[in-house]
Amino acid sequence: MSLDKPYTDVPGTTIFDADMSRMGYHLNQFCMSLMKAENRARFKANERAYLDEWPMSEEQKQAVLDRDLNRCISLGGNIYFLAKIGATDGKSFQQMAGSMTGMTEEQYRDMMVKGGRSVEGNRYTGEKK
Amino acid sequence: MSLDKPYTDVPGTTIFDADMSRMGYHLNQFCMSLMKAENRARFKANERAYLDEWPMSEEQKQAVLDRDLNRCISLGGNIYFLAKIGATDGKSFQQMAGSMTGMTEEQYRDMMVKGGRSVEGNRYTGEKK
Amino acid sequence: MAQISASVFTSHVPAIGAALDLGKTGEDYWKPVFAGYDFAKQWEKEQKPDVVFLVFNDHATAFSLDMIPTFAIGTAAEYQPADEGWGPRPVPKVIGHPKLAAHIAQSVIQDDFDLTIVNKMDVDHGLTVPLSLVFGQVDAWPCPVIPFAVNVVQYPVPSGRRCFMLGKAIRKAIESYDEPLNVQIWGTGGMSHQLQGPRAGLINREWDNAFLDKLINDPDGLSKVPHIDYVREAGSEGIELVMWLIARGAMSDVNETKKGNAPTVRHRFYHVPASNTAVGHLILENN
Amino acid sequence: MAQISASVFTSHVPAIGAALDLGKTGEDYWKPVFAGYDFAKQWEKEQKPDVVFLVFNDHATAFSLDMIPTFAIGTAAEYQPADEGWGPRPVPKVIGHPKLAAHIAQSVIQDDFDLTIVNKMDVDHGLTVPLSLVFGQVDAWPCPVIPFAVNVVQYPVPSGRRCFMLGKAIRKAIESYDEPLNVQIWGTGGMSHQLQGPRAGLINREWDNAFLDKLINDPDGLSKVPHIDYVREAGSEGIELVMWLIARGAMSDVNETKKGNAPTVRHRFYHVPASNTAVGHLILENN
Ligand SMILES: [Fe+3]
Ligand SMILES: [Fe+3]
């Protein structure tokens, strides 16, 4: 693949480009299906069975079952689509974002109140903090 | 409305532009609904009742009931959408096109076999033939 | 002829919508956010725009991966607030301006911007939160709105430069419309935020404020900033800021053929945080 | 690197699909039409393209008035033949080339063409009739196809100039793809026809043939012809011909940076009528 990708050296960040979109197509469309109340109910009743209706990879299904958003993203998920899972679970966007950082909910909220994560040391992969 | 329309002086021709599209939105979306077999069946069973499900103008509904394609077009219909009515009726595109010309089906077919309608005298409204 | 009187810029955080809709605006956490919009509410009452041309992005609501338009203009008569998974926001439906929208679409497409025309679209927080912030909690929005959706979700998103040039084409289109309408153009989204991965929560106060400075004083230079700078400095979702360049490009001081004066900065506001995001807000009046 | 080896141009009349599917190709009315494509079928067996980039238009099939993209590129793995009201054509499903399509989308959007990316689309006669004419009645299409849909239904449609410039951007994108693929680009639709109103049935043999001449020898000049000339001279649906300029713009003789030689005209065919339409067909090999 010869897409020019100047964005692979940003730490802790996955850019949702055409390659990721192709990989994550069914995962993201599954998420989209959760915008309908009846689908949310069916998913909640039996997550595995609902996921099996979608041509997703086993890793993608497991990542959803585990609510491992970082893994979902590495498998082609996009945060705006994945947010539909959070909405189904009754989670706020802040809870979802925090869950990817390795911090507790409180730690993340406190960090945000204090001005958020600094960009210093967070611009380039491997950069010294 | 200040759309620049250099195409209003072509005889016997309606350009499907934003104004026409706005006027014909529900008419055309009604036509689009006929791409589903179940809707075609419901339409055929009771045309008037099916049309009444759509927020179309009375003139638009009447033009559909009359299969008056020229009138449909003057009310915002587009030929590719209106063709779904023809398909529902089992008409070919040639029968539909011919029906707008005031010719019989045979006359129109013969004209086409002989090379079609000449552009001479058909370029500008009011032009001498 | 129609005229663009002002541009309004604001972030569009979903949690702000939730705070409004759940009556949390008086909480200490939210008070400073809403205070930043007191000016706008009063100002809009005086301005009485006839139409708002609202540049925003959809967040996997109206547009799934089935169809991703780079630029989509709404020419519908109305738009319903979307159910984003928490139920639709209890805000008025959005009334469109099909005639002006169709006119702009026609003009801008002929200027080589390859718009998608949309006649059916539910609008998510990207559009309704700015309306709530600027017009307040009302029974009906005070004027029609033309939604203009920009893809900032799947790369490649349009460049800042492309957005800026599009703004100029939109200005030209609006000014060629033959009714005397007072039109505002809004740019929404941003400022710095990142909603994904271990770097989530990134905020860059300095970069955001430099962005605001340049948006006011050097939009042409700002339009040349590449995507990677937004991502690196303002977080992956900070890329939404390219949309502000569309609104800025529609101001008369950057109109080459009939150059106006620099706009008046009527209001400027910046606050951290609202949920995961830095909030920026700016009002520029045309001169 | 991938290379564009040839461009193929052809009309895409629905009645041709019906004649094929209903076994009428031997009838006197249809014989001369299909004879015009005997060369192409043989030639394609020798050419063995790896991918066809197929420029076509949808006829109110995949796209209703809800969303009208000016330019839409298909990045899906496959596409089903659409039911246009008479049932789907009994032809193979269309296999896409998601990797190359995504690469082209990325490149062309960064070159300021505001594409819509499409991952779900049934393809109508605009795409399948050219495949049938050129590849014949086969059990599977011989190679993947990237569908590229152009709005020529609701005005304003893109100008001939915009289409020609887009073709250049597509060539650049394809040539920067790092697999050695033999790519053909097809332009479809046209030639003169009008399907609506009292002027239906218009055919302009002279104009069509002048169009073919200029497409071969002076595509740059041809790209400046305004829409109104197509409508007036070639009938309202003759506007589909702007799509041929996309394929023509992708040939190397109009590449400013690395100018190739004029293409070889391998085949040229013109016939009236097929149903309401004049049929034109051209094969140009890159040099
Ligand atoms: Fe946003
Ligand atoms: Fe066609």
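Lettering follows sequence order; numbering is per chain, from 1.
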Listed partners of C:Glu84 passing side-chain hydrogen bond (donor to acceptor under 3.5 Å, both in side chains), at least two apart: C:His125
With a 4.5 Å heavy-atom cut-off (strictly below), which parts of residues 143-152 of chain D touch chain C? List them by number. none
Do any of residues 113-121 of chain D come closer than 4.5 Å to chain C, heavy atom to heavy atom, and if so which ones, in number order? D:Phe113, D:Asp114, D:Leu115, D:Thr116, D:Ile117, D:Val118, D:Asn119, D:Lys120
Please state whether the side chain, the backbone, both or neither of C:Ala105 comes within less than 4.5 Å of a heavy atom of chain D. backbone
Heavy atoms only, distances under 4.5 angstrom: which of C:Val157, C:Thr75, C:Ile68 has the most pairs with chain D? Name it, please. C:Ile68
Could you give all pairs that pass the side chain to side chain donor-acceptor pair (under 3.5 Å) test and reach residues 246-256 of chain D, with sequence neighbours left out? D:Lys168-D:Glu256, D:Arg171-D:Asn255, D:Arg248-D:Asp253, D:Ser252-D:Asn286, D:Asn255-D:Thr257
Of D:Pro156, D:Pro158, D:Ser159, the residue whose pairing with C:Ile109 passes side-chain contact (heavy atoms from CB on, under 4.5 Å): D:Pro156
First locate atom CD of C:Gln106, then atom CD of D:Gln154, and finally report the distance between them rounded to the nearest 0.5 Å. 9.5 Å
